[in-house]
Amino acid sequence: MISQRAQSIIPSPTLSIDAKAKALKQKGIDIINFGIGEPDFDTPKNIKEVAITAINSGFTKYCPVPGTLEIKNAIINKLKRDNNTTYLPDEIIVSSGAKHSLYNLFQAIIDPEDEVIIPAPYWVSYTDMVILAGGKPIIINTTDKNNFKITSDLIKKVITSKTKAIIINSPSNPTGVTYCQNELKEIAQVCLENKILIISDEIYEKLVYDNFKFTSIVQAYPQVKDTAILINGVSKAYAMTGWRIGYAAGNKEIISAMTKIQSQSTSNASSISIKAAVEALNGTQEYVEIMRKEFEKRRNYIVERLNSIEGINCIKPEGAFYVFPNISSILCKSFNGKNINSDIEFADYLLNQARIAVVPGTAFGAKGYIRISYATSIENIQKGIGRLENALKNKI
Ligand code: PMP
Ligand code: GLU
C-alpha cells in the first residue's frame, strides 16, 4: 500500500526526538530538551501585533502563490540591506517555512539519478528531500579535525557528469560552523566552473558570534548570483518557527518552477504569517540583537562546561545555536552498568538515565558525535550539563 518513495525516507529525527521529549514531559517527567533547534524566546510583540491586525482587518484570504508583492519587497530590501545583492520580485518565492522552499527546490531541479553534493554533518532533512525528489545525495564527510569544513578540492573529487547541485549551510546545523568570505568564494568558483547549482541555506545568518561577519555566497562571489539559490526565513532570527515562513531567492526560471509546484500543493503560505514576516523584516531589529547576545552567552558557557568533562571534545562554533561535541572516546565503555557502543545508544542513555534529550550525530551523517541545541535557558543548560556529567560518572 505504501509507495516506494515513502518507504525510501525516514521521519525527521530532530522532530521525532522533540516529540519523544515532549511526550515524556507531558507525563510529568522532568526532561531537559536539548533536542530541538527552536528559539525558546517568544515572537517579538511588534510582529504579533501586526498579525492580529491582519486577522481583524480580514487579511485572511488566498494571496498570490509565491507571496504578496509586499513580502517580496520586504525580502528584496533585506537582501539589499544585509547581503548587498539586488533581486527582482519574480526571483523570490515565499513558502511555508524554509524547509518547504527547499522541498519545492529539489522537486523543481532534480531528475532521476541527479546527484546533489551534501557536506556532512548535514541537517537531517537535506538527504531525505533529495531522495524524495528522485536524486542521489553525495556526501562529503568532514570531522572536527578540519572544523567540519569542506574545500574546493574535496568538491572536485566528487563531481561527476550527474552532479546537479551542492548544499552549503553556513552557519551550519548541526555544527554551528560558519564559512568566511574567502572560503565561500573558493567553493563558489569551483561550482561555477563545473556548472553546479549552489543551494545556500542561510537561515542562521543572524546568529553569529565573536564579531564574525556573515557573508552570503552571492556576496562572496557575485558571479554565481544566477546559479545560486538562497534559502532563508524568519523562523530562527525572529523566533517564529510556528508561523511557517521561509523563502528562496534566485534564478527566475527556477523560482517559477518552484511556484508551479507550490501552486499544485500548498498554494500561498499563510496570509497572516506573511503580514507578520513583513513586520519582522521591515520593523525594528533590536530583538534579533537581544536574542543573538543571549545565544552567544549560552554558547560560551556550554562549550566551556562540555570541554571540562573528560572524554568530551567540543569545538567552539561561530554560529547557529548548536554545539556538536565529539563523544567517540566515551564509546565502547560501560556507564552505570550500561554498555554504550554508539552515539545512538549514548543519546538513548542520556534520555533514559539523565533525562536530557540530545540528537545522535548519526542522524546528521556523523557517527561519534551528539548535537546539543542551546536554544534553551541558561538555567536549563546548567541543569542539563550537570546531569550529563553525572551520567558519565561510574564508568567501568
Ligand atoms: N534549514 C536548516 C539548516 C534548519 O536548521 C532549518 C530548521 N528547521 C530549516 C532549514 C527550516 O526552517 P523552517 O522550515 O522553520 O523555516
Ligand atoms: N531545524 C530544527 C532542528 O534541526 C527544527 C526541526 C526540523 O525541522 O528538523 O532541530
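Residue numbers count from 1 along this sequence. Ligands are counted one by one from 1 in listed order, and the atoms in each one are counted from 1 as well. Only this structure's heavy atoms are used, side chains among them; waters, hydrogens and symmetry mates stay out.
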Lys78 versus Asn83, side-chain donor and acceptor atoms under 3.5 Å: yes

For atom 9 (C) of ligand 1, find the nearest protein heavy atom and state the residue, atom name and distance (0.1 Å precision). Trp123 CH2, 3.5 Å

Out of Lys236, Arg371, Lys99, Glu38, who is nearest to atom 8 (O) of ligand 2 when you count heavy atoms only? Lys99

Which ligand 1 atoms, with their elements, are less than 4.0 angstrom from a heavy-atom of Asn169? 3 (C)

Whether Gly97 lies under 4.0 Å from ligand 1, heavy atom: yes

Which protein heavy atom lies closest to atom 8 (N) of ligand 1, and at what distance to 0.1 Å? Lys236 NZ, 3.3 Å

Take atom NZ in Lys293; do more than 12 heavy atoms of anything else shown fall under 6.0 Å from it? no

Show which atoms of ligand 1 fall inside a sub-4.0 Å distance from at least one heavy-atom site of Asn173. 3 (C), 4 (C), 5 (O)

Using a strict cut-off of 4.0 Å, indicate which atoms of ligand 2 neighbour a heavy atom of Leu15. 6 (C), 7 (C)

Determine whether the side chains of Gln285 and Tyr238 contain a donor N or O and an acceptor N or O closer than 3.5 Å. yes

Exactly one of Phe321, Tyr287, Phe295 should register a ring-ring contact (aromatic ring centres under 6.0 Å, His included) with Phe41. Which one does? Phe295

Should you measure from each heavy atom of Arg244, which atoms of ligand 1 turn up under 4.0 Å away? 13 (P), 14 (O), 15 (O)

Those atoms of ligand 1 less than 4.0 Å from some heavy atom in Tyr126: 3 (C)

For Ser12, the ligand 2 atoms whose distance to one of its heavy atoms is below 4.0 Å: 9 (O)

Tyr349 versus Asn336, side-chain donor and acceptor atoms under 3.5 Å: yes

Would you say the ring centers of Tyr122 and Phe364 fall short of 6.0 Å from each other? no

Heavy-atom nearest pair, Gly37 first then Lys236, reads O-NZ, 2.9 Å

Would you mind listing which atoms of ligand 1 come within a distance below 4.0 Å of any non-hydrogen atom of Ser235? 13 (P), 15 (O), 16 (O)

Evaluate the criterion side-chain hydrogen bond (donor to acceptor under 3.5 Å, both in side chains) for residue pair Asn326 and Ser328; output intermediate values, then yes/no. CA-CA 6 Å; Asn326 187 329; Ser328 53; 2.6 Å; yes

Just to be sure I read this right, does ligand 2 sit under 4.0 Å from the backbone of Thr241, its side chain, both, or neither, counting only heavy atoms? neither

Nearest-contact summary for atom 1 (N) of ligand 1 - protein heavy atom, Å: Asp201 OD2, 2.6 Å

Residues pairing under salt bridge (Lys or Arg N to Asp or Glu O under 4.0 Å) where one sits in residues 188-199, two or more places apart or in two chains, turn out to be none

Ring centroids only, cut at 6.0 angstrom: are Phe214 and Tyr204 within range, meaning strictly under it? no

For atom 16 (O) of ligand 1, which protein heavy atom lies nearest, and how many Å away is it? Ala98 N, 2.7 Å

Classify the contact between Tyr322 and ligand 2 as side chain, backbone, both or neither, using a heavy-atom distance cut-off of under 4.0 Å. side chain

Looking at atom 12 (O) of ligand 1, what's its closest protein heavy atom, distance included? Ile203 CD1, 3.5 Å

Could you pull out every donor-acceptor pair under 3.5 Å between side chains of residues 381-388 and any protein atom, sequence neighbours left out?
{"unit_1": "Arg387", "atom_1": "NH1", "unit_2": "Asp30", "atom_2": "O", "d": "2.8"}
{"unit_1": "Arg387", "atom_1": "NH1", "unit_2": "Arg355", "atom_2": "O", "d": "3.0"}
{"unit_1": "Arg387", "atom_1": "NH2", "unit_2": "Asp30", "atom_2": "OD2", "d": "2.4"}

What is the nearest protein non-hydrogen atom to atom 4 (C) of ligand 1, stated with its residue, atom name and distance? Tyr204 OH, 3.6 Å

Just let me know how Thr14 lines up against ligand 2, side chain, backbone, both or neither, with a heavy-atom cut-off below 4.0 Å. side chain

